[in-house]
Amino acid sequence: MIIGAVLCGGRSSRMGTDKALLPFDGVPMARRVADALVSGGCDRVVAIGGDAPALTELGLAVLADSWPDEGPLAGIRLALETWPTAEAVVVVACDLPHLGGGTVAALLEGLGTSPGAVAAVAVTDRIQPLCVAWRPSASPAIAELFDAGERRLHVVLAALTIAEVSADLQDLRNMNAPGDLGTSL
């Protein structure tokens, strides 16, 4: 079983409205990301955090935040702890509306061909810590760092054995502020 998790929590303060629900080319961003996860090989997709009733209306199962307002690492931890027997858990931010199934499939392939790695991370001009295929075996190390107060994903990834997977910069262009959207609304 391969799980896809769309991180939908957070305040969306720079965007000024809930990014997960914001339409991009007519489709809410969380739905677009969920569809990319499915097309890339995920058997089941769930939204982590966010507006549960609205996300459910988009056809997404929702897992409530266990650690609200603690950042994306909390969502990653929750996903890995929820599916400890999954083959992989692909965790992606909801604000990556250009994400394609090819990138997801490449992450899963990178994880599969790197038996010593606990994560396969998308890399463009830099590591993209919010587009990662995780092995649930990373869970104890993440929990230990999280419980010690760490919230920075780059620090967590640096402490783990990871595989880097090349990805197209356009595929991972995120939408943080209204100006990032252009005319896609």
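Along the sequence shown, the residues carry numbers beginning at 1.
- Contact check on Asp147 versus Arg77 returns a salt bridge, with a Lys/Arg side-chain nitrogen under 4.0 Å from an Asp/Glu carboxylate oxygen.
- Arg32 places no side-chain N or O within 3.5 Å of a backbone atom of Val27 that could act as its donor or acceptor partner.
- Going from atom CZ of Arg173 over to atom OG1 of Thr124 covers 12.5 Å, rounded to the nearest 0.5 Å.
- In this structure, CD1 in Ile48 is found 9.5 Å from CD1 in Ile76, a value given to the nearest 0.5 Å.
- Between the side chain of Arg151 and the backbone N or O of Leu73 there is no donor-acceptor pair closer than 3.5 Å.
- When atom types are taken as modelled, the side chain of Thr82 and the backbone of Leu78 share a donor-acceptor pair closer than 3.5 angstrom.
- At least one side-chain heavy atom of Glu150 sits less than 4.5 Å from a side-chain heavy atom of Val156.
- Heavy atoms of other residues, nucleotides or ligands lying less than 6.0 angstrom from CD of Glu81 number more than 12.
- Scanning all heavy atoms of the two residues, the minimum distance from Val91 to Ala79 falls at CG2-CB, 4.3 Å.
- Atom CZ of residue Arg31 and atom CG of residue Leu60 lie 4.5 Å apart, to the nearest 0.5 angstrom.
- Using a 4.5 Å cut-off on side-chain heavy atoms (C-beta onward), Pro28 and Leu58 make contact.
- Taking each heavy atom of Ala5 and Val89 in turn, the nearest pair found is CB-CG1, 4.5 Å.
- Considering CG of Leu96 and CD of Gln128, their distance stands at 7.5 Å, rounded to 0.5 Å.
- Taking each heavy atom of Arg135 and Leu80 in turn, the nearest pair found is O-CD2, 4.0 Å.
- By the criterion of side-chain heavy atoms lying less than 4.5 angstrom apart, applied directly or through intervening Ile, Leu, Val, Met, Phe, Trp or Tyr residues, Leu7 is not grouped with Val155; the two fall into different hydrophobic clusters.
- With values rounded to the nearest 0.5 angstrom, Thr103 atom OG1 is found 12.0 Å from His98 atom NE2.
- No side-chain heavy atom of Pro53 sits under 4.5 Å from any side-chain heavy atom of Thr56.
- With contacts defined as side-chain heavy-atom distances shorter than 4.5 Å, the pair Trp134/Leu107 does not qualify.
- Tested against Ile127 for a side-chain contact (heavy atoms from CB on, under 4.5 Å), the candidates Val132, Leu153, Val121 yield a single pass: Val121.
- Cys8 places a side-chain heavy atom less than 4.5 Å from the side chain of Leu55.
- Hydrophobic clustering (side-chain heavy atoms under 4.5 Å, transitive across Ile, Leu, Val, Met, Phe, Trp, Tyr) keeps Val46 apart from Val33.
- Linking Ile, Leu, Val, Met, Phe, Trp and Tyr residues whenever their side-chain heavy atoms come within less than 4.5 Å places Val62 and Leu21 in a single cluster.
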Enumerate, atom names and distances included, each donor-acceptor pair closer than 3.5 Å involving a side-chain atom of residues 137-145, sequence neighbours excluded.
none

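- Side-chain N or O atoms of Ser114 include none that pairs as donor or acceptor with a backbone N or O of Leu111 at under 3.5 Å.
- Between Ala88 and Leu108, the closest heavy-atom pair is CB-CD2, 3.8 Å.
- Between Leu172 and Ala122, the shortest heavy-atom distance links the atoms CD1-CB, 3.5 Å.
- The backbone N or O of Ile3 lies less than 3.5 Å from no partner atom in the side chain of Arg44, so there is not a single donor-acceptor pair.
- Proximity of a side-chain donor or acceptor of Asp95 to a complementary backbone N or O of Lys19 within less than 3.5 Å is not detected.
- Residue Val38 is grouped with residue Val90 when hydrophobic side chains (ILVMFWY) are merged at heavy-atom distances under 4.5 angstrom, including chains of intermediate members.
- When atom types are taken as modelled, the side chain of Asp65 and the backbone of Trp67 share no donor-acceptor pair closer than 3.5 angstrom.
- You'll find the side chain of Val92 stays beyond 4.5 Å of the side chain of Leu130, heavy atoms only.
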Exercise. Kindly indicate, with the supporting measurements, whether the criterion side-chain contact (heavy atoms from CB on, under 4.5 Å) is fulfilled by Cys94 and Val6.
Key: CA-CA 6 Å; Cys94 70; Val6 183; 3.7 Å; yes

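- In this structure, CD1 on Ile2 lies 5.5 Å from CG on Asp43, to the nearest 0.5 angstrom.
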